[in-house]
Amino acid sequence: MFYGTEIKSRFLLGTAGYPSPSILQMAINASGAQIITVSLRREGGDCGRVFRDMLNTLNIHILPNTAGCHTVKEAVTTAHMARELFNTLWIKLELIGHPDTLQPDPFALIEAARILSEEGFQIFPYTTEDLIIGEKLLAAGCKLLMPWGSPIGSAQGLRNIDSLRTMRAYFHGIPLIIDAGIGAPSQAAQAMEMGFDGVLLNTAVAKSGNPILMANAFCRAIKAGHIAYQAGLIEKRDMAIASTPIFGLANFI
């Protein structure tokens, strides 16, 4: 449940970098995703209209993205454009603060979230696993958080597992979506096994050898990870423990 909207799929998929529009469309269908992200910086002219028309045929939720924004003013302006283009209050808020890691600027992010929340936007903030930043984003009006697994496009997976576990436990009841750095279905499954509510990714599907098959692989992995979390994973142990009890075994002496 994101901002009062029930979403059955826990897989959120990006739309950048696919070999062709047709492959993108087939990958979206194979993913089972009900939310896809779209960057306004890739919109414009006739190409943009064709792209939007294609998305409209899929009957899915559009999550516009402020990708590439570096200032509060730029992000807020982009969000206003998104609201007009896609007729939605949803916005994935990205405010990049570092050119190499693409780590978000926490100060600008919180300020932009406050402004947009006051204007009625429903914000999906791309952030880190920092608890203080998370608290301030929630105080600014966000109803969910999107911590990174690792830097965007790095395929490193969950680089700071202990901090992500702490974040999941600390923000009990708040939807948390892993956003960025996921490179393999096994990494997505790991996030879901930890109790996260969803996974958002783009590059791992778009740049794979077969985006359609990879989208389906991620779909299955995310479902499997969530089912495993619901079932309850056993805890790791330092020592071996026999799965078959000694009591009741035959004595051949």
Side-chain angles (χ1 to χ4, degrees), residues 12-17 36-43 63-82 90-117 121 123-168 170-171 174-184 187-188 190-191 194 196-208:
L12 291 74
L13 185 64
T15 56
I36 60 171
T37 63
V38 177
S39 171
L40 267 68
R41 290 173 177 270
R42 287 184 289 275
E43 288 290 300
L63 177 59
N65 191 347
T66 64
C69 291
H70 294 267
T71 67
V72 173
K73 181 178 180 180
E74 192 176 14
V76 170
T77 300
T78 301
H80 289 166
M81 293 169 58
W90 281 11
I91 190 74
K92 182 191 171 192
L93 183 59
E94 286 188 27
L95 260 163
I96 302 304
H98 194 281
D100 294 328
T101 65
L102 301 182
Q103 180 173 336
D105 179 337
F107 307 104
L109 178 66
I110 294 165
E111 177 63 13
R114 182 190 62 79
I115 293 170
L116 292 173
S117 291
F121 282 90
I123 302 167
F124 294 63
Y126 164 61
T127 182
T128 66
E129 67 276 16
D130 188 283
L131 300 183
I132 298 173
I133 298 174
E135 284 185 328
K136 291 186 179 298
L137 285 169
L138 295 176
C142 300
K143 303 299 182 185
L144 59 81
L145 300 171
M146 302 180 70
W148 65 352
S150 52
I152 294 172
S154 68
Q156 294 179 24
L158 307 182
R159 193 165 66 172
N160 199 341
I161 292 177
D162 288 341
S163 292
L164 287 170
R165 288 189 190 279
T166 299
M167 188 178 200
R168 176 65 283 178
Y170 186 81
F171 292 112
I174 301 296
L176 299 181
I177 301 169
I178 293 292
D179 177 15
I182 297 296
Q187 297 168 352
Q190 182 184 27
M194 292 166 58
F196 284 87
D197 297 283
V199 173
L200 192 159
L201 58 90
N202 186 145
T203 306
V205 170
K207 299 300 184 181
S208 68

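Numbers here are sequence positions counted from 1.
By the side-chain contact (heavy atoms from CB on, under 4.5 Å) test, I174 pairs with L138, F171, L176, sequence neighbours left out. Every residue two or more places apart in sequence or in another chain that forms a side-chain contact (heavy atoms from CB on, under 4.5 Å) with L102 is listed here: I96, I152.
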Between E111 and L95, is a side-chain contact (heavy atoms from CB on, under 4.5 Å) present by the stated rule, with each step listed? CA-CA 10 Å; E111 177 63 13; L95 260 163; over 6 Å; no

Using side-chain contact (heavy atoms from CB on, under 4.5 Å), reason through N160 and T128 one step at a time and then give a plain yes or no. CA-CA 10 Å; N160 199 341; T128 66; over 6 Å; no

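Atom CD in E94 sits 10.0 Å away from atom NE2 in H70 (nearest 0.5 Å). Atom CD of residue Q103 and atom CG of residue D130 lie 9.0 Å apart, to the nearest 0.5 angstrom. Expressed to the nearest 0.5 Å, how far CG of L12 lies from CG of N202 amounts to 11.5 Å. To the nearest 0.5 Å, the span separating CG on L109 from SG on C69 amounts to 11.5 Å. From I177, atom CD1 reaches atom OG1 of T127 across 13.0 Å, with rounding to the nearest 0.5 Å.
Contact detail for A79 and T66: the closest heavy-atom pair is N-CG2, 4.4 Å. Scanning both residues, A113 and L93, for their nearest heavy atoms gives N-CD2, 3.6 Å. In plain terms, the two heavy atoms of T78 and N65 that are nearest each other are CG2-O, 4.2 Å. Across every non-hydrogen atom of L201 and A204, the tightest pair is CD1-CB, 4.3 Å. Nearest heavy atoms, A16 versus A206: O-CB, 3.3 Å. Across every non-hydrogen atom of A82 and I91, the tightest pair is CB-CD1, 3.9 Å.
Looking at F121 and H80, their side chains come closer than 4.5 Å, going by heavy atoms from C-beta outward. Within the 4.5 Å cutoff, the side chain of I178 has no heavy atoms near those of the Q187 side chain. Inter-residue side-chain proximity for P64 and V38 is flagged as unmet; no heavy-atom pair is nearer than 4.5 Å. Contact annotation: the side chain of P151 approaches that of R159 to within less than 4.5 Å [non-hydrogen atoms, C-beta and beyond]. Between I182 and L158, the closest side-chain pair of non-hydrogen atoms falls below 4.5 Å. A 4.5 Å side-chain heavy-atom check between I110 and R114 finds every atom pair outside the cut-off. At least one side-chain heavy atom of L164 sits under 4.5 Å from a side-chain heavy atom of F196. Between T37 and L13 the shortest side-chain heavy-atom distance does not fall below 4.5 Å.
Among residues at least two apart or in separate chains, side chain to side chain donor-acceptor pair (under 3.5 Å) pairs with a member in residues 146-155 are E129-W148, S150-S154.
Looking at S208, its side chain does come within 3.5 Å of a backbone N or O of V205 through a donor-acceptor pair.
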